[in-house]
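First the structure, in the form of structure tokens, and then the observations on it.
All residue numbers refer to positions in the sequence shown, counting from 1.
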Amino acid sequence: MFARRLTSFFKRSSTSSSEKAGKEGTLGSFGRKAVSFVLITVTGGVALSALDDLSIYRGCSSKAMEKVMNSKAMIEAIGEPIEKGPWYNASLAVSHQRHSVSCSFPVIGPQGTGILHLKAVRNGEDSLFGFLQQKDWEILIMDALVHVPSNDGPQQTLRINVSDSDIVAPSAGTDLKPSKPEEPEKS
């Protein structure tokens with residue numbers, strides 16, 4: 001009995017909806033197609049932008065990690081191996097038509113943790129599928145705020161400027177000291 005009533009209810013609603021569809025005609029169909037097209041286009045644009053940002057983040061962070069892993073000051077502060085923290089704790093700001101970037105991401109070592117801040121630029125041209133290509137970034141400024149816990153004293157928070165003068169060659173077996181600029185001669 002209940003099944004018959006349910007079946008008759010659906011038959012009545014389907015006939016009334018087909019009458020309405022006939023009255024609305026092709027205008028309703030065109031509207032639905034237009035809305036679908038706009039939603040798919042916007043979703044695709046957002047997805048491409050996200051992929052481009054991910055490509056920029058991976059390029060900058062990998063270049064920065066190369067410098068950090070060879071930095072004597074960072075190795076002394078948080079130890080070796082130094083690893084990149086989770087990507088969801090990173091921030092990225094892109095400007096100047098994606099030729100300039102400011103990025104922050106966590107780094108983790110056995111003796112402590114830190115946050116790496118960098119500013120980088122890239123040279124080159126943009127192409128239609130440029131987000132698929134690896135970009136070569138030049139790091140202009142790179143600082144690290146390092147937190148080193150201590151058992152016997154106050155915990156330390158250090159600011160380390162990770163610059164080219166602090167970099168130790170990875171193949172060198174001896175301790176290399178950063179070179180200091182020579183003082184100008186007095187005349």
Side-chain angles (χ1 to χ4, degrees), residues 45-184:
V46 169
L48 285 176
S49 178
L51 283 175
D52 193 26
D53 287 350
L54 181 63
S55 171
I56 290 170
Y57 168 71
R58 289 197 184 261
C60 285
S61 64
S62 63
K63 184 91 170 201
M65 286 303 292
E66 287 175 14
K67 286 189 173 190
V68 166
M69 286 187 223
N70 295 323
S71 171
K72 186 177 179 182
M74 285 294 291
I75 292 170
E76 288 175 359
I78 63 174
E80 276 187 297
I82 300 173
E83 297 176 355
K84 187 173 22 172
W87 63 269
Y88 50 82
N89 286 340
S91 68
L92 181 73
V94 182
S95 61
H96 294 97
Q97 297 175 345
R98 301 198 178 277
H99 286 276
S100 174
V101 66
S102 177
C103 182
S104 300
F105 61 91
V107 289
I108 302 165
Q111 299 169 2
T113 61
I115 298 176
L116 200 63
H117 301 279
L118 65 97
K119 295 191 185 293
V121 295
R122 75 172 169 90
N123 297 323
E125 297 179 14
D126 288 330
S127 63
L128 183 61
F129 294 105
F131 62 91
L132 297 174
Q133 300 170 349
Q134 185 73 19
K135 310 276 192 303
D136 187 33
W137 292 91
E138 179 183 350
I139 296 176
L140 302 175
I141 300 169
M142 186 164 47
D143 290 344
L145 290 175
V146 179
H147 175 72
V148 182
S150 176
N151 291 336
D152 56 337
Q155 297 184 10
Q156 297 178 352
T157 300
L158 308 170
R159 169 167 275 190
I160 299 173
N161 183 6
V162 183
S163 62
D164 290 333
S165 64
D166 182 43
I167 304 298
V168 176
S171 61
T174 60
D175 289 337
L176 299 176
K177 304 233 188 277
S179 60
K180 295 181 181 175
E182 296 180 15
E183 293 184 26

Completion exercise
Shortest non-hydrogen pair, Pro110 vs Pro81, comes out as CD-O, 3.5 Å

Exercise for the section: Give the intermediate values and the outcome of side-chain contact (heavy atoms from CB on, under 4.5 Å) for residues Val107 and Met74. Expected result: CA-CA 10 Å; Val107 289; Met74 285 294 291; 4.2 Å; yes

Problem - For the student: nearest non-hydrogen atoms of Tyr57 and Cys103, plus distance - result: CD1-SG, 3.8 Å

Completion exercise
Note: Ile139 and Cys60 closest approach over all heavy atoms is CD1-O, 4.4 Å

Fill in the blank from the handout: Value for CD (Glu138) from NZ (Lys63), rounded to nearest 0.5 Å, stands at 8.0 Å

Handout entry: Atom NZ of Lys119 with >12 non-hydrogen neighbours under 6.0 angstrom
Key = no

Exercise for the section: Taking atom CD of Gln155 as the centre, report whether more than 12 heavy atoms of other residues, nucleotides or ligands fall under 6.0 Å from it. Expected result: yes

Completion exercise
Rounded to the nearest 0.5 angstrom, the CG-OG distance for Leu140 and Ser100 is 7.5 Å

Practice task
Would you mind reporting whether Trp137 and Ile56 have side-chain heavy atoms less than 4.5 Å apart?
Solution key: yes

Fill in the blank from the handout: Between Met65 and Lys84 the two heavy atoms that sit nearest each other are CE-N, 3.6 Å

Practice task
For Ile75 and Met69, work out which heavy atoms get closest and say how close.
Solution key: CD1-O, 3.3 Å

Practice task
Could you check if a side-chain atom of Asn161 sits within less than 4.5 angstrom of a side-chain atom of Arg159, using non-hydrogen atoms only?
Solution key: no

Exercise for the section: List the steps and the verdict of side-chain contact (heavy atoms from CB on, under 4.5 Å) for Leu118 and Phe105. Expected result: CA-CA 9 Å; Leu118 65 97; Phe105 61 91; 3.9 Å; yes

Handout entry: Ile82 side, atom CD1; Ile108 side, atom CD1 - distance, nearest 0.5 Å
Key = 11.0 Å

Exercise for the section: For Ser62 and Arg58, indicate whether the former's side chain and the latter's backbone hold a donor-acceptor pair under 3.5 Å. Expected result: yes

Exercise for the section: Work out which heavy atom in Val146 is nearest to a heavy atom in Ala77; give both atom names and the distance. Expected result: CG1-CB, 4.1 Å

